[in-house]
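The next block holds one structure in the form of structure tokens; read it before the comments.
Just so you know, residue 1 is the first one in the sequence shown, and it goes up from there.
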Amino acid sequence: MMKRLLVLTAATAFALTGCNKAQDSDTAKADDAAAKEQKNLVIATEAAYPPFNDTDANGNIVGFDVDVMNALCEEMSAKCEIVAQDWDGLIPGLLANKYDAIIAGMSVTPERQAQVDFSDSYFSNTIVWLAKNDGSFDPNNIKDKVLASQRSTTGAAYISEKYDGKDGNRVQLYDTYTNAYLDMKAGRNQAVMAEKVSASDWLKQAGNQDFGLVGDEIDNNDHLGIAMRKGDSLKTEFDAALAKIKENGKLAEIEKAHFQ
């Protein structure tokens, strides 16, 4: 009887050991599957367009776009790395597979839609004139002025079409809004056409009290989207995640933190 009991005990121990090994194997497989399912995405931004995107004193990329993308990546259970790319190189870099998507305060335009796909809109802009607040610039009577904006923006397109070479006006386009604002302070241009959020953010900074928003803001049907390569399934995922953070209030919370 004792011998039989020992045999049974050994068999039971072997069965338990085998069961534990099977469970460990199943757990490892589940962990491997989860790791494989997690997307690793590289997202590009300009990192020079505050408050949408900027680089802080420690070299970190920060801003509204960054916080929106982090919220989306969390919703998608994706690991996202955000990298800086100059504005003019954003779409060429995407098409060259340097990264997976762009979030850079980029307006959805027919010209860009011919090259890339866009997510649903995550923010809507208006454009404004930024100039000295001493009355020297009248938006209703623009003559013999140097007018500025950032290159390849909807504001730049607006003033180029409406004012460049007309009534003695000349349009000067810059690589960043920051440089356009600096030249305005130096008197090298008389007004900058910019997105209201960007202009308002600049006016909050010290030393800019002599300038202000002049005239009415202009609604030019400007909506911002996340750009990705044509036909990329990421569009469906980004759209679903956007809908979620709009519904649960997270997007509104991020807007409030940056724009109010």
Side-chain angles (χ1 to χ4, degrees), residues 34-35 37-85 87 90 94 99-109 112-113 116-128 153-155 177 194-205 213 216-229 232-260:
E37 286 174 7
Q38 185 184 52
K39 284 185 178 295
N40 291 291
L41 302 175
V42 179
I43 313 294
T45 193
E46 185 183 6
Y49 176 37
F52 288 97
N53 49 78
D54 201 5
T55 306
D56 69 14
N58 297 316
N60 301 309
I61 302 174
V62 296
F64 173 70
D65 288 335
V66 175
D67 289 350
V68 169
M69 182 52 67
N70 285 335
L72 293 175
C73 289
E74 182 178 354
E75 194 64 46
M76 294 162 58
S77 297
K79 182 180 179 182
C80 295
E81 177 189 4
I82 298 179
V83 298
Q85 170 68 56
W87 176 258
L90 281 169
L94 176 66
Y99 28 80
D100 300 292
I102 300 166
I103 186 165
M106 184 173 283
S107 302
V108 179
T109 67
R112 290 175 185 146
Q113 286 176 307
V116 299
D117 283 342
F118 280 97
S119 70
D120 292 338
S121 175
Y122 66 93
F123 190 78
S124 295
N125 266 324
T126 57
I127 50 178
V128 294
T153 63
T154 55
Y177 277 119
E195 283 81 13
K196 183 180 179 181
V197 170
S198 170
S200 298
D201 184 73
W202 183 78
L203 288 172
K204 294 176 186 175
Q205 299 171 24
L213 304 184
D216 298 328
E217 59 188 275
I218 301 165
D219 184 356
N220 63 335
N221 196 33
D222 183 12
H223 305 288
L224 309 186
I226 300 162
M228 61 221 82
R229 286 179 289 276
D232 196 323
S233 61
L234 274 175
K235 173 175 168 51
T236 301
E237 296 181 56
F238 277 130
D239 285 347
L242 265 172
K244 203 67 179 286
I245 67 171
K246 288 176 182 177
E247 179 186 346
N248 64 23
K250 181 65 177 178
L251 183 58
E253 180 184 315
I254 297 171
E255 284 186 19
K256 185 176 180 180
H258 286 276
F259 303 144
Q260 295 182 17

Distance-only donor-acceptor hits, side chain of residues 49-57, under 3.5 Å, sequence neighbours excluded:
unit_1	atom_1	unit_2	atom_2	d
Tyr49	OH	Glu195	OE1	2.9
Asn53	OD1	Ala47	N	2.9
Asn53	OD1	Ala48	N	3.2
Asn53	OD1	Tyr49	N	3.3
Asn53	ND2	Thr45	OG1	3.3
Asn53	ND2	Asp65	OD2	2.9
Thr55	OG1	Ala47	O	3.1
Asp56	OD1	Asn58	N	2.9
Asp56	OD1	Gly59	N	3.0
Asp56	OD1	Asn60	N	2.8
Asp56	OD2	Asn60	ND2	3.3

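Counting heavy atoms from C-beta on, the side chains of Asn70 and Val66 come closer than 4.5 Å.
We find the CD1-NZ distance between Ile218 and Lys196 to be 12.0 Å, quoted to the nearest 0.5 Å. Taken from CG in Asp120 to CG in Leu224, the straight-line distance is 13.0 Å, to the nearest 0.5 Å. In this structure, CG on Asn125 lies 8.0 Å from CG on Asn220, to the nearest 0.5 angstrom. Distance CD/Glu255 to CG/Asp67: 12.0 Å, rounded to 0.5 Å. The line from CZ of Phe238 to OG of Ser233 is 10.0 Å long, rounded to the nearest 0.5 Å. Considering CD1 of Ile61 and CD of Glu46, their distance stands at 11.0 Å, rounded to 0.5 Å.
Ring planes of Phe259 and Phe123: tilted class, angle from 30 to 60°.
Of all heavy-atom pairs between Ala71 and Ile254, the closest is CB-CD1, 4.0 Å. Contact detail for Lys246 and Ser121: the closest heavy-atom pair is NZ-O, 2.8 Å. Phe118 approaches Ser107 most closely through the heavy-atom pair CZ-O, 3.9 Å. A pairwise comparison of heavy atoms in Val108 and Gly225 identifies CG2-N, 3.8 Å as the closest pair. Scanning all heavy atoms of the two residues, the minimum distance from Tyr122 to Gly105 falls at OH-N, 3.3 Å. Taking each heavy atom of Ser119 and Met228 in turn, the nearest pair found is N-CE, 3.7 Å.
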Steps toward side chain to side chain contact (heavy atoms under 4.5 Å, CB included) verdict (Glu74, Ile245): CA-CA 10 Å; Glu74 182 178 354; Ile245 67 171; over 6 Å; no
Candidate pair Lys256 and Glu253, rule salt bridge (charged side-chain N to carboxylate O under 4.0 Å, His left out), full reasoning: CA-CA 5 Å; Lys256 185 176 180 180; Glu253 180 184 315; over 6 Å; no
Verdict with reasoning, Ile226 to Met69, per side chain to side chain contact (heavy atoms under 4.5 Å, CB included): CA-CA 9 Å; Ile226 300 162; Met69 182 52 67; 4.1 Å; yes
Stepwise side chain to side chain contact (heavy atoms under 4.5 Å, CB included) check, Tyr99 with Ile43: CA-CA 6 Å; Tyr99 28 80; Ile43 313 294; over 6 Å; no
Check against side chain to side chain contact (heavy atoms under 4.5 Å, CB included), Asn221 and His223: CA-CA 6 Å; Asn221 196 33; His223 305 288; 2.9 Å; yes
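Panel note: side chain Asp100, backbone Val42; a donor-acceptor pair is recorded below 3.5 Å.
Remark: Trp202 pairs with Tyr181, Phe211 by the ring-ring contact (aromatic ring centres under 6.0 Å, His included) rule, at least two apart or across chains.
A salt bridge between Lys39 and Glu237 is present, with a side-chain N of the basic residue lying under 4.0 Å from a carboxylate O of the acidic one. Under the 4.0 Å criterion applied to side-chain N and carboxylate O atoms, Lys244 and Glu247 are not assigned as salt-bridge partners.
The environment of Asn248 atom CG is dense: over 12 non-hydrogen atoms of other residues, nucleotides or ligands sit within 6.0 angstrom. Within a 6.0 Å radius of NZ in Lys204, other residues, nucleotides and ligands contribute more than 12 heavy atoms.
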